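Below: one structure, written as structure tokens.
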2 protein chains.
Amino acid sequence: MSSSERVTSGLAALAALLADETRARFCLALLDGRAWTAGELARHAGVAPSTASAHIDRLVGGGLLAEERQGRHRYVRLADARVAHLIEDLAAQAAPEHGRPDGPPTLRAASAAGALARGRTCYDHLAGRLGIAVTEAMTARGLLRQDTGFALTDAGLRWFADLGAPLAPSGRRPLARGCLDWTERRPHLAGLAGAALCRHALEAGWCVRIGSARAVKVTPEGERALAELLGLPAATLR
Amino acid sequence: MSSSERVTSGLAALAALLADETRARFCLALLDGRAWTAGELARHAGVAPSTASAHIDRLVGGGLLAEERQGRHRYVRLADARVAHLIEDLAAQAAPEHGRPDGPPTLRAASAAGALARGRTCYDHLAGRLGIAVTEAMTARGLLRQDTGFALTDAGLRWFADLGAPLAPSGRRPLARGCLDWTERRPHLAGLAGAALCRHALEAGWCVRIGSARAVKVTPEGERALAELLGLPAATLR
DNA sequence: GGGACGTTTCGCCGGATGACGAAATCTCCG
DNA sequence: CGGAGATTTCGTCATCCGGCGAAACGTCCC
């Protein structure tokens, strides 16, 4: 009983951390995987610095955020991939049903900005249309198996090695896992492989971050590489 | 902006549902996968029926619970497997670090009640030592692959078919997924396959529920079956 | 040294929320 | 029909919590 007692209050306490709009906004912003300063978060959420400070205290205390102090700055980021995944899951569950009416918005999107794939990062891996497209292409090529769960195949392991980003099982984080995309409603590749792919994509110039949000856009080189390595038609990303 | 606005409030609202101890207790109780009446939940949590009623309203309204009214009873259960998984994930994250001191408790447990495996159900699949043992045995036998993610192998698919519980991909729920066990700190089999296995185990008399909690114990027939089908030594479950 | 800047501490205020009990509803069953 | 039991509605109360601004504290840089 006392044990179940602890689990109950632990769950409630953890949920309480995310139950406030300001703290929720902080966490969603931090899903970009980078470290933000306390002041940046305060401005982002539109609250006073003192208010933000107290919130950050609670989030750090609750183990959701990790902090690193540098001089007069207080940098915070999500504690680890597991926390990031948890927040993504919650956001996915909370996402409005968004039955997308295929009216003007779709048409406008189709005719819009050239090489812009509606992609974004989700903590440390690719998400959005781009993330889904890559994940589907890998599945179609037999690099990833989604029919019986979510795992890389041996061919998938080789593919990463050939890419120059060999995957080494490390710690508790799984090599591959599906992360439900809350805009596309389908899983995209997460886990160590997802992180490695995203890192490689940014380093190799396949895509670049745009703005301060989590958005990324595919570069021409990226289109070529994805077409060659995964058979992804450039049109898919536009 | 308005979109990110909605996501933020959605996340906060969802978290707020679980941020109350009483509601958290309800949800954890409902993890046994069965339907409880409003009164049962009220007694379980030690609150007045009127209080419980209001909480259930909110949980149902938030989509976490599904209700079914039968006469003067109001039955509620978790809305679906996804909600159950979310709650398990949160509980796992919130679980105290539980560095288990291997003193008396372990010794006592080792010498205790004969054929009692410390198993339990997690919504609709097996968890605890039993769930882990089964998952590990399936992995060792090549029925499940955990090194590159978490997925059944083709041999695993056949194993379920041979068992008389063929798996048919259905809807959005994945065939196999890892569910982090918050007492064992390792993933056990969840998803459709986990549910099928648990259902089969209960129907075939491999294990029976004990008490009103989520605990299950393995029967002698269960020991025989698990030894034969998975090479699980009976001692593992004791 | 001194000013600018980022962060924190403190005290206070107003709104939100969970708890209860009493009484009203509703359903079942004798 | 009428009583028993399950659930809900309503009014009330106490508490908690997030917000702010002012002032203090540290660090950086001129």
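Source: prediction; values computed, not measured. Just so we're on the same page: letters track the sequence lines, and every chain starts at 1.
A donor and an acceptor atom, one from each side chain of A:Glu221 and A:Trp206, are nowhere located under 3.5 Å apart. For the residue pair A:Thr135 and A:Arg186, no side-chain donor N or O sits within less than 3.5 Å of a side-chain acceptor on the partner. Looking only at atom types and distance, the side chain of A:Arg129 has no donor-acceptor partner in the side chain of A:Thr183 under 3.5 Å away.
Aromatic ring pairs are classed by plane angle as parallel below 30°, tilted from 30° to 60° and perpendicular above 60°; the pair A:Phe26 and A:His55 is perpendicular.
We find that A:Arg34 and A:Asp32 are joined by a salt bridge, their nearest charged nitrogen and carboxylate oxygen being less than 4.0 Å apart. A salt bridge is absent between B:Glu68 and B:Arg74; no separation between the charged side-chain nitrogens and carboxylate oxygens falls under 4.0 Å. Between A:Glu5 and B:Arg25 there is a salt bridge, since a side-chain N of the basic residue sits under 4.0 Å from a carboxylate O of the acidic one.
DNA chain C lies under 4.0 Å from at least one heavy atom of each of the following residues of residues 48-59 of chain B: B:Ala48, B:Ser50, B:Thr51, B:His55, B:Arg58. Near DNA chain C, defined here as any heavy-atom distance below 4.0 Å, the residues from residues 61-75 of chain B are B:Gly71, B:Arg72, listed numerically.
With respect to B:Glu88, the salt bridge (charged side-chain N to carboxylate O under 4.0 Å, His left out) criterion is satisfied by exactly one of B:Arg177, B:Arg214, B:Arg120: B:Arg214.
Per the geometry, CD belonging to A:Glu21 stands 9 Å off P belonging to D:dG19, to the nearest Å.
Around the CZ atom of B:Arg173, the shell of radius 6.0 Å holds more than 12 heavy atoms that belong to other residues, nucleotides or ligands.
If you walk DNA chain C from 5' to 3' and mark each nucleotide with an atom closer than 4.0 Å to a heavy atom of chain A, the marks span C:dA4 to C:dT9.
For B:Glu21, there are no salt bridge (Lys or Arg N to Asp or Glu O under 4.0 Å) partners at least two apart in sequence or on another chain. Applying the salt bridge (Lys or Arg N to Asp or Glu O under 4.0 Å) criterion to A:Arg72, with sequence neighbours excluded, gives no partner residue.
Bending across the helix from C:dG1-D:dC30 to C:dG30-D:dC1, expressed as the angle between its end axes from five pairs apiece, amounts to 30° (10° rounding).
Across all strands, B:Arg23 comes closer than 4.0 Å only to sugar-phosphate atoms, never to a base (heavy-atom distances).
A distance of 11.0 Å separates SG of A:Cys122 from CG of A:Leu189, quoted to the nearest 0.5 Å.
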